[in-house]
Undergrad: 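Got a structure here, written out as structure tokens. Questions coming.
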Amino acid sequence: MDAYDKGSNARPAPDEPAAAVPVPDSSPPDGHETADDHKTSDGHETSDGHETSDSPEQKPSGEASARIPQQYGDQQPYDGQQYRDTALAGPPLPPPAGISALSLPYQIAAALALAVVAVAACVHVGMVFLHVAPSNTVTKQHGQAIDEWIYPEFEQNWKLFAPNPLQQNIAVQVRADVRAADGEIRTTRWYDLSALDGAAIDGNLLPSHTQQNELRRAWDFFVATHDNANRPNGLRGSLSEKYLRRIVVLRLDREQAGGRGAVVQQVQVRSRTSNVPPPKWSQEQVSDKPIVRVLPWWPVSEADRPAGTRPAESTGTEASAR
């Protein structure tokens with residue numbers, strides 16, 4: 001073999017340095033770590049794998065190192081003073097919402113409004129409880145205050161949950177003694193006010209609360225505060241009489257009872273109660289005879305005549321007598 005042949009066993013020529021013997025690649029495969037990985041550049045080994053203080057790559061004192069420690073990686077930028085550990089900071093906090101997002105004066109106003117609503121709700125629940133609860137010391141002492149709070153807007157009616165619901169038709173009728181335009185006193189026919197309300201409701205998609213409940217509730221109020229002899233059985237008896245009398249006077253003036261220009265002098269109210277017939281499949285037997293309850297004559301004062309309901313100002317037509 002020629003001495004100048006290039007190969008692994010070639011002999012070096014005179015005055016020529018010996019060829020470097022190739023060193024086998026001893027680097028470990030990817031994912032494996034050798035013992036030399038924990039040595040510094042000058043051969044000194046550290047306990048945790050980091051470089052020692054006498055490393056030749058250490059920067060002079062006072063100069064910030066541009067090298068980022070391996071455990072922080074590329075996600076930790078260096079700001080010249082300290083490493084900002086954004087990985088440990090967590091996600092940003094959401095902005096405040098609700099009352100906390102308001103300014104201090106508005107927070108105080110909202111808190112006061114909520115406190116007022118809470119107090120009013122507690123008072124209302126307490127009043128309703130005392131109203132439906134059996135008679136006790138509190139209701140006996142403060143019964144008038146409780147009634148003033150409950151009636152008429154928050155009255156409780158338990159007929160829906162009664163074992164035997166109301167199965168009667170009640171018609172409220174009225175007649176009056178009127179002074180006609182010529183000065184003569186005459187008695188009108190019976191006007192079925194319940195039938196007039198029923199005619200106004202029938203076919204009406206949006207009937208008013210007055211048409212549906214005013215007369216019915218006034219009659220229930222009167223019956224609940226009077227005995228079978230039509231005598232008041234409590235302090236509210238006189239109030240129920242005034243309420244019912246003013247309603248019937250208003251209706252009579254609206255219907256021009258006695259003719260145009262007639263003035264109502266006194267009124268008389270009666271009720272006609274009849275049972276609702278049971279269905280054909282039922283074996284229940286009920287009486288079909290109506291029960292009539294006639295009240296005494298009530299004189300009408302000027303206080304019973306609402307403003308704007310004088311007969312001369314009315315433009316309605318006379319109702320049919322029943």
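The figures here come from the full heavy-atom set of this structure, side chains too, leaving out hydrogens, waters and symmetry mates. The model shown is predicted, which means the values in this text are computed figures rather than measured ones. Residues: numbered from 1 along the sequence shown.
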Undergrad: Please tell me if the side chains of Val264 and Gln266 come closer than 4.5 Å, counting only heavy atoms from C-beta onward.
TA: no
Undergrad: Could you give the distance from CD (Glu241) to CG (Asn230), rounded to the nearest 0.5 Å?
TA: 8.5 Å
Undergrad: List, by chain and then residue number, the residues other than Leu112 in its hydrophobic cluster (Ile/Leu/Val/Met/Phe/Trp/Tyr, side-chain heavy atoms under 4.5 Å); write none if there are no others.
TA: Leu104, Ile108
Undergrad: Any chance you could lay out the side-chain contact (heavy atoms from CB on, under 4.5 Å) test for Val294 and Val292, step after step, and finish with the verdict?
TA: CA-CA 6 Å; Val294 182; Val292 179; 3.8 Å; yes
Undergrad: Donor-acceptor pair, distance only, cut-off 3.5 Å: does the side chain of Asp304 make one with the backbone of Ser301?
TA: yes
Undergrad: Under the 3.5 angstrom rule, does the side chain of Gln107 hit a backbone N or O of Ile99 as a donor-acceptor pair?
TA: yes
Undergrad: Has Arg245 got a side-chain atom pairing as donor or acceptor with Gln268's backbone, closer than 3.5 angstrom?
TA: no
Undergrad: For Ala176 and Leu252, which heavy atoms make the closest approach, and how far apart are they?
TA: CB-CD1, 3.6 Å
Undergrad: Is there a side-chain contact between Val178 and Gln265 in this structure, where contact means two heavy atoms from C-beta onward sitting under 4.5 Å apart?
TA: no
Undergrad: Apply side-chain contact (heavy atoms from CB on, under 4.5 Å) to Val276 and Gln168, showing your working.
TA: CA-CA 5 Å; Val276 177; Gln168 295 176 327; 5.5 Å; no
Undergrad: Please name the pair of heavy atoms, one in Pro134 and one in Thr139, separated by the smallest distance, quoted to 0.1 Å.
TA: O-OG1, 4.3 Å
Undergrad: Is Asp288 reaching over with its side chain to a backbone N or O of Val286, donor-acceptor style, under 3.5 angstrom?
TA: no
Undergrad: Is there a path of hydrophobic side-chain contacts, each under 4.5 Å between heavy atoms, that joins Leu239 and Ile146?
TA: no
Undergrad: Output the distance between atom CH2 (Trp190) and atom OG1 (Thr188), rounded to the nearest 0.5 Å.
TA: 8.5 Å
Undergrad: Indicate yes or no: at least one non-hydrogen side-chain atom of Lys242 is less than 4.5 angstrom from one of Trp298.
TA: no
Undergrad: With Arg236 as the cation and Tyr151 as the aromatic partner, state whether NZ or CZ is under 6.0 Å from the six-membered ring centre and within 45° of the axis.
TA: yes
Undergrad: Would you say the side-chain atoms of Ser240 pair up with the backbone N or O of Thr225, donor to acceptor, closer than 3.5 Å?
TA: no
Undergrad: Taking atom CG of Leu250 and atom CG of Leu193, what is their separation to the nearest 0.5 Å?
TA: 10.0 Å
Undergrad: Nearest heavy-atom pair of Asn136 and Val138: which atoms, and what distance?
TA: OD1-N, 3.0 Å
Undergrad: Shortest non-hydrogen contact from Tyr191 to Ala257?
TA: OH-CA, 3.7 Å
Undergrad: Give me the atom names and distance for the closest heavy-atom approach of Gly237 to Pro232.
TA: CA-CB, 3.7 Å
Undergrad: Would you indicate whether the side-chain heavy atoms of Ile247 and Tyr243 approach each other to under 4.5 Å?
TA: yes
Undergrad: So for atom CD1, which belongs to Ile185, do other residues, nucleotides or ligands contribute more than 12 heavy atoms lying within a distance under 6.0 Å?
TA: yes
Undergrad: Just checking Arg272: does its CZ atom have more than 12 heavy atoms from other residues, nucleotides or ligands closer to it than 6.0 angstrom?
TA: no
Undergrad: For His209 and Asn213, does a side-chain donor sit closer than 3.5 Å to a side-chain acceptor?
TA: yes
Undergrad: Looking only at atom types and distance, does a side-chain atom of Ser100 sit under 3.5 Å from a main-chain N or O of Pro96, one as donor and one as acceptor?
TA: no
Undergrad: Answer yes or no: is there a side-chain heavy-atom contact under 4.5 Å between Leu244 and Phe221?
TA: no
Undergrad: Hey, is CZ on Arg179 packed in by over 12 heavy atoms from elsewhere, all under 6.0 Å?
TA: no
Undergrad: What about His131 and Phe154, are their ring centers closer than 6.0 Å?
TA: no
Undergrad: Got a sec: does the CD of Gln144 have more than 12 other heavy atoms crowding it under 6.0 Å?
TA: no
Undergrad: If you measure from the Lys or Arg side-chain nitrogens to the Asp or Glu carboxylate oxygens, is any gap between Arg251 and Asp197 under 4.0 Å?
TA: yes
Undergrad: Determine, using the 4.5 Å side-chain heavy-atom cutoff (strictly less than), whether Val117 and Val119 are members of one ILVMFWY cluster.
TA: no
Undergrad: Hey, are Arg293 and Asn228 close enough side-chain-wise for a donor-acceptor pair under 3.5 Å?
TA: no
Undergrad: Quick one: do Glu255 and Leu196 satisfy side-chain contact (heavy atoms from CB on, under 4.5 Å)? Show the steps, please.
TA: CA-CA 10 Å; Glu255 300 297 331; Leu196 294 175; 4.1 Å; yes
Undergrad: Is a side-chain donor or acceptor of Gln211 paired with a backbone partner of Ser208 at a separation under 3.5 angstrom?
TA: yes
Undergrad: Output the distance between atom CD1 (Ile291) and atom OG1 (Thr273), rounded to the nearest 0.5 Å.
TA: 6.5 Å
Undergrad: Is there a side-chain contact (heavy atoms from CB on, under 4.5 Å) between Gln173 and Ser271? Walk through the geometry before answering.
TA: CA-CA 6 Å; Gln173 303 170 349; Ser271 67; over 6 Å; no
Undergrad: Would Asp177 and Thr187 count as having a side-chain donor-acceptor pair, cut-off 3.5 Å?
TA: yes
Undergrad: Would you confirm whether His226, through its side chain, and Phe222, through its main-chain N or O, come within 3.5 Å as a donor-acceptor pair?
TA: yes
Undergrad: Quick one: does any side-chain atom of Asn275 pair with a main-chain N or O of Ser287 as donor and acceptor, under 3.5 Å?
TA: yes
Undergrad: Identify which one of Val132, Val128, Leu130 satisfies the side chain to side chain contact (heavy atoms under 4.5 Å, CB included) criterion when paired with Ile150.
TA: Val128
Undergrad: What is the minimum heavy-atom distance between Lys140 and Ser135, and which atoms define it?
TA: CE-OG, 3.3 Å
Undergrad: Nearest 0.5 Å, please: how far is CZ in Arg216 from CG in Asp220?
TA: 6.0 Å
